[in-house]
Amino acid sequence: MSKVEFSKAELERYSRHLIIPDFNIEGQRKLKEAKVLIVGTGGLGAPLLLYLTAAGVGHIGILDFDVVDDSNLQRQVLFTVDDVGKSKAEVAGERLKALNPHVNFTVHNTQLTSENALDIIKDYDLVADGTDNFPTRYLVNDACVILNKTNVYASIYRFEGQVSVFNYTDSEGNTGPNYRDLFPTPPPPGLVPSCAEGGVIGVLPGIIGSLQANEVLKVISGIGDPLSGRLFLFDALSFETRTVKLRKEADRPAITELIDYQVFCGFGAEEEDGYQVKEISVEELQKLQAEGKDFQLIDVRETYEYEIANLEAELIPLGEIERAVNKISSDKQVIVHCRSGKRSADAIQLLEKKYGFTNLYNLEGGILAWAEKVDDAMAKY
């Protein structure tokens with residue numbers, strides 16, 4: 001197999017790489033030969049894609065099924081206000097082509113699932129996981145283990161981030177820990193809020209995504225010591241870092257097939273066994289208020305969210321709901337809401353199953369639906 005060659009324009013573009021003694025043209029050649037899949041084009045995916053494209057990774061896969069939203073622009077620096085409502089993957093592909101015409105892109109405008117993951121990932125040398133939910137993280141991990149691909153992982157929350165390299169095989173043929181060695185089982189649904197629910201400072205994904213891109217470049221080029229068997233932790237508020245050692249568990253069951261990761265992570269189980277919470281629309285809530293009906297309205301978001309926008313409900317954050325059971329009426333209609341309806345549904349399910357409530361209703365779409373359909377002057381966040 002002949003070595004890849006570089007045009008004069010490429011040599012000029014990558015000149016600052018080529019003059020690094022430990023990297024030089026051989027490192028650049030490995031980048032050009034590599035095929036890397038980026039799963040997610042959000043806060044982490046944006047710096048990942050920008051820096052890997054600029055660095056000259058030869059073939060980059062861009063996978064995302066979402067569209068650009070106003071709330072993304074605080075941190076997802078690939079997008080502009082003109083992109084709102086457009087496909088993230090397709091917008092990213094066009095923008096990155098303008099950044100480096102020497103890179104080939106494959107746009108996967110689709111959701112990664114157990115049905116398509118192996119078929120998509122098999123064509124790449126390495127995967128960088130920029131997702132923000134547990135089902136997809138486990139899916140990416142398991143697919144990489146089955147296909148023997150390295151998985152460069154990162155996650156962010158509020159002011160904290162973490163980075164590691166999973167399923168990495170070193171020069172001696174030793175394969176390091178994977179994501180299940182760090183998290184053998186997922187946390188209960190609702191215990192760890194997503195960025196959409198818990199928030200994230202805008203610069204954090206830029207910092208962590210850049211560190212993640214650095215690990216990708218190290219793995220591809222073969223220089224340095226990748227974060228295999230180690231978890232890097234960063235606190236943006238204190239500017240403190242820690243690196244924790246990870247151990248590969250020898251007795252962990254082998255990963256041989258992909259499963260239903262929504263059920264594995266506790267999502268969708270209520271639909272599977274037929275369990276559903278009762279719901280009420282924002283229009284129905286507005287009518288109850290206008291008619292002066294007697295009901296209790298409970299907000300299970302956090303205090304800082306309540307201060308941004310609220311429906312003058314009684315504030316009982318989800319994490320405190322069990323300690324406040326005596327505050328929840330059992331003899332009249334109780335309407336529970338959050339930002340989008342997810343946390344409030346979790347709260348209702350807990351209260352119904354554990355404490356026997358039968359009078360609870362989830363506000364469909366949460367305060368976001370209220371702002372969209374009832375009060376468009378309300379702050380959206």
If I compare all heavy atoms of [X] with all of [Y], which pair ends up nearest, and what's the gap?
| X | Y | result |
| --- | --- | --- |
| Ile146 | Thr256 | CD1-C, 3.8 Å |
| Ala54 | Asn100 | O-ND2, 4.0 Å |
| Gly206 | Ser210 | O-OG, 2.7 Å |
| Ala55 | Leu217 | CB-CD2, 4.0 Å |
| Val107 | Gly93 | CG2-CA, 4.3 Å |
| Leu258 | Ser114 | CD1-O, 3.6 Å |

Is it the case that the side chains of [Y] and [X] hold a donor-acceptor pair, with the cut-off being a distance below 3.5 Å and no angle test?
| X | Y | value |
| --- | --- | --- |
| Gln286 | Lys373 | no |
| Gln296 | Glu314 | yes |
| Gln333 | Asn359 | no |
| Tyr153 | Gln212 | no |
| Ser15 | Glu12 | no |

Apply salt bridge (charged side-chain N to carboxylate O under 4.0 Å, His left out) to Glu249 and Arg247, showing your working. CA-CA 6 Å; Glu249 299 294 339; Arg247 183 177 63 185; 3.4 Å; yes
Over 60° means perpendicular and under 30° means parallel, so tell me whether Phe23 and His17 are parallel, tilted or perpendicular.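 The arrangement is tilted - the two ring planes meet at 30° to 60°.
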Mind checking what makes side chain to side chain donor-acceptor pair (under 3.5 Å) contact with Asn214, not counting sequence neighbours?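 Here no residue qualifies.
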Less than 4.5 Å apart, any side-chain heavy atom of [X] and any of [Y]?
| X | Y | result |
| --- | --- | --- |
| Phe166 | Val152 | no |
| Leu350 | Lys353 | no |
| Asn178 | Asn151 | no |
| His337 | Asn362 | no |
| Leu360 | Leu351 | yes |
| Leu233 | Leu231 | yes |
| Ile60 | Leu52 | yes |
| His108 | Phe65 | no |

Report yes or no: does [X] contribute a side-chain atom to a donor-acceptor pair with the main-chain N or O of [Y] at less than 3.5 Å?
| X | Y | answer |
| --- | --- | --- |
| Tyr179 | Leu139 | no |
| Arg242 | Phe232 | no |
| Thr106 | Gly61 | no |
| Asp83 | Thr80 | yes |
| Asn167 | Lys149 | yes |
| Gln76 | Asp69 | no |
| Asp64 | Thr41 | yes |
| Asn116 | Gln111 | yes |

Would Ile335 and Leu285 count as a side chain to side chain contact (heavy atoms under 4.5 Å, CB included) if you check the C-alpha gap in whole Å, the side-chain angles of each, and the deciding distance to 0.1 Å? CA-CA 8 Å; Ile335 301 171; Leu285 172 58; 3.7 Å; yes
To the nearest 0.5 Å, how far apart are [atom1] in [X] and [atom2] in [Y]?
| X | Y | atom1 | atom2 | answer |
| --- | --- | --- | --- | --- |
| Gln162 | Thr241 | CD | OG1 | 13.5 Å |
| Gln28 | Tyr14 | CD | OH | 6.0 Å |
| Asn326 | Tyr355 | CG | OH | 10.5 Å |
| Thr53 | His102 | OG1 | NE2 | 12.5 Å |
| Asp129 | Cys144 | CG | SG | 8.0 Å |
| Leu297 | Asn310 | CG | CG | 9.5 Å |

Taking the six-membered ring for Trp, are Tyr138 and Tyr261 closer than 6.0 Å centroid to centroid?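 Here the rings of Tyr261 and Tyr138 have centres that are no less than 6.0 Å from each other.
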Please check if the distance between the ring centroids of Phe234 and Phe239 is under 6.0 Å.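 Yes: the rings meet the under 6.0 Å criterion.
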Would Lys32 pass as a cation-pi partner of Phe6, given that its NZ or CZ must be under 6.0 Å from the six-membered ring centre and within 45 degrees of the axis?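 Relative to the ring axis of Phe6, which defines the angle, Lys32 lies inside both limits.
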Cation-pi check, Lys35 to Tyr124: give yes when NZ or CZ is under 6.0 Å from the six-membered ring centre and within 45° of the ring axis, no otherwise.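 Yes - Lys35 lies over the ring of Tyr124, closer than 6.0 Å to its centre and within 45° of its axis.
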Can you confirm whether more than 12 heavy atoms, excluding those of [X], are under 6.0 Å from its [atom1] atom?
| X | atom1 | result |
| --- | --- | --- |
| Lys245 | NZ | no |
| Glu291 | CD | yes |
| Tyr51 | OH | no |

Checking salt bridge (charged side-chain N to carboxylate O under 4.0 Å, His left out) for the pair Lys278/Glu352: CA distance, chi angles, key distance, verdict? CA-CA 11 Å; Lys278 298 185 291 292; Glu352 289 182 341; 3.7 Å; yes
Please evaluate residues Glu26 and Arg29 with respect to the criterion salt bridge (charged side-chain N to carboxylate O under 4.0 Å, His left out), reporting the C-alpha separation (whole Å), side-chain torsions for both, the decisive distance (0.1 Å), and the verdict. CA-CA 5 Å; Glu26 287 306 316; Arg29 183 171 283 117; 2.7 Å; yes
So which of Arg252, Arg137, Arg180 actually passes salt bridge (Lys or Arg N to Asp or Glu O under 4.0 Å) with Asp142?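 When Arg252, Arg137, Arg180 are each tested with Asp142, the salt bridge (Lys or Arg N to Asp or Glu O under 4.0 Å) holds only for Arg180.
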Given the rule in the side chain to side chain contact (heavy atoms under 4.5 Å, CB included) test, do Thr169 and Asn174 qualify, once you have shown the distances and angles that lead to the verdict? CA-CA 5 Å; Thr169 302; Asn174 302 310; over 6 Å; no
Below 4.0 angstrom, N of the basic side chain to O of the carboxylate: do Lys248 and Asp181 qualify?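 Judged by the 4.0 Å cut-off on N to carboxylate O distance, Lys248 and Asp181 do not form a salt bridge.
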Stepwise, does the salt bridge (charged side-chain N to carboxylate O under 4.0 Å, His left out) test hold for Glu284 with Lys287? CA-CA 5 Å; Glu284 291 172 312; Lys287 183 178 180 182; over 6 Å; no
Test Asp331 against Ser329 for side-chain hydrogen bond (donor to acceptor under 3.5 Å, both in side chains), laying out the working first. CA-CA 6 Å; Asp331 56 7; Ser329 176; 2.7 Å; yes
Per the side-chain hydrogen bond (donor to acceptor under 3.5 Å, both in side chains) rule, what does the pair list look like for residues 217-233, sequence neighbours excluded?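 Matches after skipping sequence neighbours: Glu215-Lys218.
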Can you name the one residue among Arg343, Gln349, Lys342 that meets side chain to side chain donor-acceptor pair (under 3.5 Å) with Asp346?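 That would be Lys342; it is the only one of Arg343, Gln349, Lys342 passing the side chain to side chain donor-acceptor pair (under 3.5 Å) with Asp346.
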